[in-house]
Amino acid sequence: MKEYTYEQWQDILSQETEKYNTFCARGLKLDMSRGKPSSEQLDISEGLLTVVASNADCYSANGTDCRNYGLLYGIPEIRTLFAELLGVRSEQILAAGNSSLNLMYDTIVRAMLFGVPGGKCPWGKYEKIRFLCPVPGYDRHFSICENMGIEMINIDMGPYGPDMDTVERLCASDDTIKGIWCVPKYSNPEGKTYSDDTVRRLARMKAAKDFRIFWDNAYALHDLKTPGDCLLNLLEEAEQAGNPDRVYMFASTSKISFPGAGVAVIAASTTNLEDIGKSYTYQTIGPDKLNQLRHVRYFKNADGIRAHMKKHAEHLQPRFEAVLDTLNNQLLPLDIAEWTEPKGGYFISLNVCDGCAKRTVELMKNAGVIITPAGATFPYGKDPRDRNIRIAPTYPPLEELKLCCELLCICVKIATAEKFLNR
Ligand SMILES: Cc1ncc(COP(=O)(O)O)c(C=O)c1O
């Protein structure tokens with residue numbers, strides 16, 4: 001970071017405060033906290049609403065009447081579709097309802113109550129269990145742990161994924177560490193993709209027998225640029241390393257079709273999947289197969305989904321560019337913050353100077369703009385350096401987004417000047 005004199009900080013503060021006051025006078029009421037698609041983006045998948053439209057349409061390829069109960073693991077054609085997309089075998093897929101987060105929560109609850117294959121006892125019987133949490137990360141992963149009383153350990157994210165030296169050291173020496181949360185492609189919020197070496201080390205490392213990698217591949221197909229990032233297949237690597245049961249993979253069409261009405265899957269070894277089935281059979285008599293059928297009929301195959309994702313990319317690119325242009329124009333010359341420029345996913349991660357994130361978010365709020373709370377990207381909502389801010393460019397209309405980013409840059413400058421002026 002550049003050095004500024006006291007007087008220079010004073011100048012920055014007074015100039016930016018003037019601009020800030022003009023923004024405040026506009027009485028804005030905007031929200032850029034939500035990492036969800038806009039209605040316009042949802043319109044891209046309109047055809048899905050009508051693709052299954054009559055009684056005769058309701059049968060899956062194997063003759064199952066999808067209006068009725070049954071097929072606990074989902075219809076064969078959706079399992080095949082996801083298998084191709086995730087690079088696994090179709091018998092390794094359980095296709096469920098609309099939410100992968102729901103599957104993650106259930107997977108943890110099951111492990112707490114009944115344990116997982118290879119474990120001595122249910123996780124809930126241990127006095128204390130721990131999860132590794134690469135940071136910054138996805139707040140809802142962390143809240144599941146908090147909800148279950150699982151202690152969380154921060155692991156710094158580097159350019160190629162979590163700091164693997166620390167992950168390996170901790171997992172090898174502490175068998176109360178039962179899991180790690182990973183968003184391996186276009187991570188939330190940094191948009192980073194794990195390197196091949198990171199994936200292999202996760203597959204091979206020494207860990208408790210009932211240790212599990214929660215591989216939340218929510219953005220597996222969400223390239224913004226071509227070519228997008230490539231991610232090595234963890235299930236395959238874990239099989240080859242002799243740890244086939246170490247992995248639970250999750251994915252969904254939430255940000256491919258509709259977040260409220262998509263299809264979510266879990267992919268795992270046959271042993272894990274059979275183990276899940278033992279209690280899943282008490283939870284439901286079968287998923288929403290009509291919705292699964294709709295998705296297969298609409299997208300047809302993996303290439304159909306890839307082509308559809310290009311439409312999403314075209315829609316999202318101007319939004320990401322608007323944020324990055326503003327950050328580059330407003331903050332780069334001052335050299336007071338860093339941000340990621342992801343090739344895909346849903347977020348941009350901004351690191352301001354230590355101790356300035358909460359104040360920046362507060363200034364935004366006082367000017368009428370809500371952004372993701374500072375700290376949300378860390379376990380317990382506590383960013384030890386108070387510096388990370390998640391920017392979600394997908395939801396607001398483009399003009400609003402530009403306005404919010406202008407304001408964000410002003411607030412970053414004010415918060416930083418205040419810090420150096422000891423205000
Ligand atoms: C990393 C990650 N995982 C999971 C989800 C939610 O997925 P689903 O809609 O399938 O529950 C999100 C939503 O933002 C996410 O960012």
Side-chain angles (χ1 to χ4, degrees), residues 31-38 41-42 45 48 74 78 81-82 85-86 93-109 131-145 147 157 161-162 179-194 213-224 229 231 234 247-267 287-288 291-292 295 305 309 312 316 319-320 340 342 344-349 371-373 376-379 388 390-396:
D31 189 341
M32 62 177 284
S33 66
R34 288 167 295 193
K36 60 184 190 181
S38 65
Q41 195 184 343
L42 296 175
S45 308
L48 192 58
I78 195 94
L81 176 59
F82 270 104
L85 290 167
L86 299 177
I93 297 274
L94 183 156
N98 75 312
S99 163
S100 61
L101 191 70
N102 187 179
L103 289 174
M104 294 174 224
Y105 186 88
D106 280 351
T107 304
I108 294 211
V109 171
F131 256 57
L132 303 183
C133 299
V135 290
Y138 179 38
D139 55 345
R140 288 180 186 269
H141 288 161
F142 306 151
S143 10
I144 294 178
C145 282
N147 184 236
M157 279 288 286
I180 182 169
W181 289 111
C182 296
V183 183
K185 190 163 171 189
Y186 305 135
S187 63
N188 177 348
E190 293 180 291
K192 290 177 179 168
T193 299
Y194 290 19
I213 299 172
F214 284 70
W215 197 246
D216 178 1
N217 211 348
Y219 301 106
L221 302 155
H222 303 61
D223 303 329
L224 286 167
D229 289 344
L231 176 69
L234 178 66
V247 184
Y248 293 127
M249 265 185 187
F250 302 90
S252 78
T253 67
S254 283
K255 281 140 188 179
I256 295 174
S257 58
F258 303 132
V263 179
V265 300
I266 177 164
D288 178 347
N291 197 35
Q292 297 184 352
H295 279 75
I305 292 211
M309 292 313 288
H312 282 289
L316 290 175
R319 286 174 161 70
F320 277 76
T340 54
Y346 260 56
F347 303 101
I348 289 167
S349 173
I371 57 171
T372 311
T377 51
F378 284 75
N388 187 250
R390 186 181 85 163
I391 304 177
T394 58
Y395 189 70

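Along the sequence shown, residues are numbered consecutively beginning with 1. Start at 1 and go down the list; that is how both ligands and their atoms are numbered.
Using 4.0 Å as the threshold, Arg140 has no heavy atom nearer than that to any atom of ligand 1. Taking a 4.0 Å cut-off on heavy atoms, Tyr219 registers as neighbouring ligand 1.
Within the 3.5 Å criterion, the main-chain N or O of Ser349 finds a donor-acceptor partner in the side chain of Thr340. Formation of a donor-acceptor pair under 3.5 Å by the Asp229 side chain with backbone atoms of Gly344 is not found in this model. The main-chain N or O of Val183 is never found under 3.5 Å from a side-chain atom of Ser187 such that the two would form a donor-acceptor pair. Remark: side-chain polar atoms of Lys185 are not paired, donor with acceptor, to backbone N or O of Tyr219 under 3.5 angstrom.
When non-hydrogen atoms are compared, ligand 1 lies under 4.0 Å from the side chain of Ala218 (C-beta onward) but not from its backbone.
Considering only non-hydrogen protein atoms, atom 12 (C) of ligand 1 sits nearest to Tyr138 OH, 3.2 Å. Looking only at heavy atoms of the protein, atom 14 (O) of ligand 1 is closest to Lys255 NZ, 2.5 Å. Distance from atom 7 (O) of ligand 1 to its nearest protein heavy atom, with residue and atom name: Ser100 OG, 3.2 Å. From the protein, the heavy atom lying nearest to atom 4 (C) of ligand 1 is Asp216 OD2, 3.4 Å.
Applying the 4.0 Å criterion to heavy atoms of Val183 picks out, from ligand 1, the atoms 1 (C).
Taking any N or O of Asn188, backbone or side chain, at least one lies under 3.5 Å from an N or O belonging to ligand 1. Residue-to-ligand polar distances place Leu101 within reach of ligand 1: an N/O pair is separated by less than 3.5 Å. In terms of N/O distances under 3.5 Å, ligand 1 is not approached by His141.
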- Query: Are Leu221 and Leu85 close enough, and set up right, to give a side chain to side chain contact (heavy atoms under 4.5 Å, CB included), and what steps lead you there?
  - Reply: CA-CA 8 Å; Leu221 302 155; Leu85 290 167; 3.9 Å; yes
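Within the 4.5 Å cutoff, side-chain heavy atoms of Pro136 are placed close to those of Phe378. Between Leu81 and Ile93, the closest side-chain pair of non-hydrogen atoms is not below 4.5 Å.
When the heavy-atom distances from atom 9 (O) of ligand 1 to Ala264, Ser99, Ser254, Gly260 are ranked, the shortest goes to Ser254.
No option in Phe214, Tyr248, Tyr138, Phe142 other than Phe214 meets the ring-ring contact (aromatic ring centres under 6.0 Å, His included) test with Trp181.
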